[in-house]
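Heads up: the structure comes next, in structure tokens.
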Amino acid sequence: DDERYDPKNGITMTSTYHTLFDLGFISFEDDGTLLVSPFLSNMTKSRLNLKDSNKVRLQNGSGKYLKYHRDNIFCKMPAISLDDFGKDDD
């Protein structure tokens, strides 16, 4: 739980990019290079200006958190139950 309070475990982003990061649609290399999931459509990538060549400045020491994100969250599709679709809300 100490990781939650480590200032090196955070990147300042807009809420849109933060959501994409949390859902695994974007991540970053240790040098700050943006990684974009192939699960995003080209239209979405274009509208959000998501290019693999984009780069952000990261804090020293954030590499272990980014590695965890790349290995465990990036490009991993969430489990969705088919039972959630087609339910009648009556």
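Model, not experiment: these values are computed from the prediction. Residue numbers run from 1 in the order of the sequence given.
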Check side-chain hydrogen bond (donor to acceptor under 3.5 Å, both in side chains) between Thr44 and all other residues, then give those that pass, not counting sequence neighbours.
Ser41
Once salt bridge (Lys or Arg N to Asp or Glu O under 4.0 Å) is applied, what residue pairs with a partner in residues 44-68 remain, sequence neighbours excluded?
Asp31-Lys55, Lys67-Asp71
Do Thr12 and Val56 have side chains that approach each other closer than 4.5 Å (heavy atoms only, starting at C-beta)?
no
Could you name each residue pair satisfying side-chain hydrogen bond (donor to acceptor under 3.5 Å, both in side chains) that touches residues 15-27, not counting sequence neighbours?
His18-Asp22, Ser27-His69
Group every Ile, Leu, Val, Met, Phe, Trp and Tyr by side-chain heavy-atom contacts under 4.5 Å, then state whether Tyr65 and Leu34 land in the same group.
no
Backbone of Asn54 reached by a side-chain donor or acceptor of Asn49 within 3.5 Å:
no
Could you tell me which non-hydrogen atom of Lys76 sits nearest to which non-hydrogen atom of Arg70, and how far apart they are?
NZ-O, 4.3 Å
Could you list who else is in Phe74's hydrophobic cluster, with ILVMFWY side chains joined at under 4.5 Å, directly or through other members?
Leu35
To the nearest 0.5 Å, how far apart are CG in Asp2 and CG in Asn9?
11.0 Å
To the nearest 0.5 Å, how far apart are CG in Asn60 and NZ in Lys8?
8.0 Å
Test side chain to side chain contact (heavy atoms under 4.5 Å, CB included) applied to Tyr68 - qualifying residues, sequence neighbours left out
Asn72, Ile73
Any side-chain heavy-atom pair from Leu48 and Leu40 closer than 4.5 angstrom?
no
Taking every heavy atom of Gly24 against every heavy atom of Ser37, the minimum-distance pair comes out as O-CB, 4.0 Å
